[in-house]
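Have a look at the structure below, then the notes.
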Amino acid sequence: MAKKPSVPKGTRDFSPQEVAKRSYIMETIKKCFQLYGFQPIETPSFENSETLMGKYGEEGDRLIFKILNSGEYLNKVEEDFFSIKNSAWLTPKISEKALRYDLTVPFARYVVQHQNEITFPFKRYQMQPVWRADRPQKGRFREFWQCDADVVGSDSLWQEVELVQLYDDVFEKLKLNGSSIKINNRKILSGIAEVIGAEDKLIDFTVAIDKLDKIGEEGVKKELLEKGISKRAIENLQPLFSFTGSNEDKLNSLSQLLATSETGRKGIEEVRFVIKTIQSLGLKSSKLELDVTLARGLNYYTGAIFEVSAPKKVQMGSIGGGGRYDDLTGIFGLKGVSGVGISFGLDRMYLVLEELGLFPKTVEENTKVLFINFGEAEALYAMQAITALRKNNIASELYPEAVKMGKQLTYADKRTIPYVIVAGGNELQTKTFTLKNMKSGEQEIISLEALLQKLK
RNA sequence: GUGGUUGUAGCUCAGCAGGUUAGAGCGCUAGAUUGUGGUUCUAGAGGUCGCCGGUUCGAAACCGGUCUUCCACCCCA
């Protein structure tokens with residue numbers, strides 16, 4: 001007997017109800033993207049390995065799904081590689097393609113490849129699945145969707161301002177109030193590393209400090225020590241752990257801390273601009289919050305860093321992130337093009353909306369009216385009406401078999417079809433239809449004309 | 001990648017100090033009701049106890065492996 005079929009670890013099927021809810025989120029995001037002037041592109045689900053490898057750090061390389069070469073791919077491998085048993089060396093020999101890991105790097109590749117056709121600044125959005133060979137957890141899958149909006153070819157800080165507004169706009173439309181948009185700046189982090197004399201350990205430093213809210217002050221200090229950052233440097237970091245108050249307060253304290261770092265001062269200036277501008281423009285549903293411990297692992301960020309957390313009452317990691325990268329296209333040979341973008345994590349947003357019961361009831365409705373099938377002649381009579389209804393954009397269907405009525409009504413019930421037409425011999429003779437409201441149970445006998453009016 | 005956890009009917013779960021024919025609720029099918037669903041009543045179908053191997057007279061239960069679930073770490077949407 002065949003084994004019970006299943007989907008691979010970390011992947012899922014989506015039922016009609018789930019698809020309806022997912023496309024509700026996607027449509028909302030898409031409309032906002034377009035409202036802000038972004039244009040859609042799509043890129044292949046897999047790229048040449050060299051496009052992706054090395055762009056996300058060591059950890060990222062491990063999490064990239066590699067695609068095996070076709071044909072007798074082992075023929076090309078020298079004997080030595082088998083005895084060495086080093087997969088990092090063997091992999092490039094047997095795999096030259098990989099599934100995309102995010103949408104930003106393929107986008108950078110796209111920009112470089114099509115630079116002569118693109119009008120800059122280029123504002124594009126992209127909503128496609130990405131894959132990571134991660135171990136699944138709650139809200140963490142191996143196949144999931146990102147919805148990205150990026151601008152390349154402009155280093156104006158107004159882009160950052162707009163992206164914050166865009167986040168806010170989407171959350172407001174989804175009724176997801178109380179999300180917090182956290183902002184930081186890579187230059188501030190560099191400045192801090194500079195001031196405490198740990199410039200050479202910037203990555204280790206940012207990774208450790210990013211965990212502050214999770215492992216606490218002592219935990220961070222411990223990790224910094226383990227990474228070889230001196231005790232003195234960590235002492236100089238002390239003011240960072242007691243950062244409180246308004247964004248304004250934090251900026252002021254930062255100014256003191258980073259007075260001697262030019263990079264740091266630049267970072268503060270940038271963040272200050274975004275925060276002040278947003279303050280005078282106002283946000284509808286979210287808060288913008290300066291978080292100096294926000295780092296994010298992706299090491300291509302050079303300016304602003306964003307991360308969005310769902311309302312506190314929901315236990316969920318970040319539902320979006322983004323930032324400014326001054327030289328992402330540089331790695332593909334196009335220098336001096338700055339980009340900034342944000343990403344929405346569709347799958348996590350789904351879980352959050354579900355948990356908070358924020359999906360509108362109407363997203364699941366599809367067919368508006370079901371015609372009961374009583375047999376050949378009646379079915380034809382029904383199909384004539386259905387044709388007219390469909391012509392008027394009213395979703396309608398005929399139950400395909402002339403089975404007992406109870407069964408047909410149960411079907412309508414399960415499908416949450418709001419209306420049923422009962423049209424048998426009587427109705428056929430009088431050229432009428434009995435319209436039944438499935439919710440109230442009420443029925444009325446009406447003409448086709450009236451039916452069209454009623455369901456429009 | 002590291003450590004732990006889970007898997008019994010379509011779904012949610014019970015069962016187990018190893019012992020006949022593995023249970024419940026919900027759902028499903030049929031009937032009460034051959035032109036009226038969502039309530040009720042009656043009857044019924046449905047399980048290689050994730051998979052492979054081992055221990056044992058005997059395994060759903062114990063052991064090993066494997067896949068899967070969820071969780072922590074790493075990292076991240």
Side-chain angles (χ1 to χ4, degrees), chain A residues 1-12 15 25 29 56-64 87-88 101-104 127-148 203 206-208 210-211 214-215 219 223 294-299 306-310 315-322 341-352 370-375 378 399 402-428 433-443 445:
Chain A
M1 233 9 221
K3 233 172 83 177
K4 237 186 196 174
S6 63
V7 295
K9 188 200 296 202
T11 66
R12 302 144 297 156
S15 66
I25 300 176
I29 295 173
Y56 310 100
E58 218 176 296
E59 190 66 19
D61 283 358
R62 206 196 77 210
L63 297 175
I64 291 172
S87 51
Y101 178 89
D102 72 357
L103 300 178
T104 309
M127 306 169 73
Q128 290 188 281
V130 303
W131 295 269
R132 294 184 190 177
D134 211 350
R135 215 176 261 208
Q137 271 179 48
K138 180 174 184 167
R140 176 182 283 193
F141 308 98
R142 301 178 97 174
E143 176 182 62
F144 61 98
W145 283 63
Q146 289 191 330
C147 310
D148 278 30
I203 302 272
T206 54
V207 167
D210 193 43
K211 294 180 197 162
K214 205 167 185 178
I215 59 178
E223 179 158 340
L294 174 62
R296 294 175 54 81
L298 295 178
N299 40 28
F306 299 111
E307 183 164 292
V308 185
S309 347
Q315 199 82 39
M316 182 64 64
S318 63
I319 56 173
I342 55 169
S343 179
F344 290 86
L346 170 66
D347 303 79
R348 287 193 178 172
M349 288 169 71
Y350 182 102
L351 293 173
V352 170
L370 175 79
F371 282 68
I372 300 295
N373 191 329
F374 284 103
E378 293 89 342
Y399 194 90
V403 295
K404 0 190 324 192
M405 196 166 161
K407 191 166 172 161
Q408 301 191 40
L409 285 170
T410 304
Y411 173 81
D413 211 28
K414 295 227 166 103
R415 288 271 313 272
T416 62
I417 296 172
Y419 294 99
V420 164
I421 291 291
V422 183
N426 300 339
E427 287 85 352
L428 211 157
F433 297 90
T434 297
L435 176 68
K436 180 182 173 77
N437 181 324
M438 288 300 278
K439 208 164 182 181
S440 65
E442 283 165 13
Q443 294 187 187
I445 298 170

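Quick note on labels: first sequence line is chain A, next is B, and so on, each numbered from 1.
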Please check if any side-chain donor atom of A:E143 sits under 3.5 Å from a side-chain acceptor atom of A:T11, or the reverse. no

Tell me what A:Y411 touches on the nucleic acid: a base, only sugar-phosphate, or nothing, going by heavy atoms under 4.0 Å. nothing

I'd like to know if A:R415 reaches the base of B:G37 with its side chain such that a donor and an acceptor end up less than 3.5 angstrom apart. no

Is a donor-acceptor contact shorter than 3.5 angstrom present between the side chain of A:R348 and the base of B:C76? yes

Just to be sure I understand the rule, does A:G375 reach a base, reach only the sugar-phosphate, or reach nothing, if contact means heavy atoms closer than 4.0 Å? nothing

From the set B:C76, B:G37, B:G35, return the single nucleotide nearest to any side-chain atom of A:L409. B:G37

Under 4.0 Å, heavy atoms only, any strand: does A:G441 hit a base, just the sugar-phosphate, or nothing? base

Any base atoms under 4.0 Å from A:Q146, or only sugar-phosphate, or nothing? Heavy atoms, all strands. sugar-phosphate

Phosphate OP1/OP2 of B:C73: any A:K214 side-chain N/O under 4.0 Å: yes

Stacking check: are the rings of A:F374 and B:G35 less than 5.5 Å apart at their centres and under 30 degrees in tilt? no

Could I get a table of every N or O pair under 3.5 Å where one atom is in the protein and the other is in nucleotides 26-29 of chain B?
unit_1	atom_1	unit_2	atom_2	d
B:C28	OP1	A:K414	NZ	2.1

Counting distance alone, no hydrogens or angles: does the base of B:U68 have a donor or acceptor under 3.5 Å from a partner atom on the side chain of A:K9? no

With a non-hydrogen cut-off below 4.0 angstrom, is A:K211 in contact with a base, only sugar-phosphate, or nothing? sugar-phosphate

Is any side-chain nitrogen or oxygen of A:Q408 closer than 4.0 Å to OP1 or OP2 of B:G37? no

Any donor-acceptor pair under 3.5 Å between the side chain of A:Q443 and the base of B:G35? no

Just to be sure I understand the rule, does A:G320 reach a base, reach only the sugar-phosphate, or reach nothing, if contact means heavy atoms closer than 4.0 Å? sugar-phosphate

Applying a 4.0 Å non-hydrogen cut-off, can you work out what A:M316 is touching in the nucleic acid: base, sugar-phosphate, or nothing? nothing

Taking the C1' atom in each of B:C52 and B:C41, what is the distance between them to the nearest angstrom? 47 Å

Checking all strands, does A:D347 fall into the base, sugar-phosphate, or nothing category for heavy-atom contacts under 4.0 angstrom? nothing

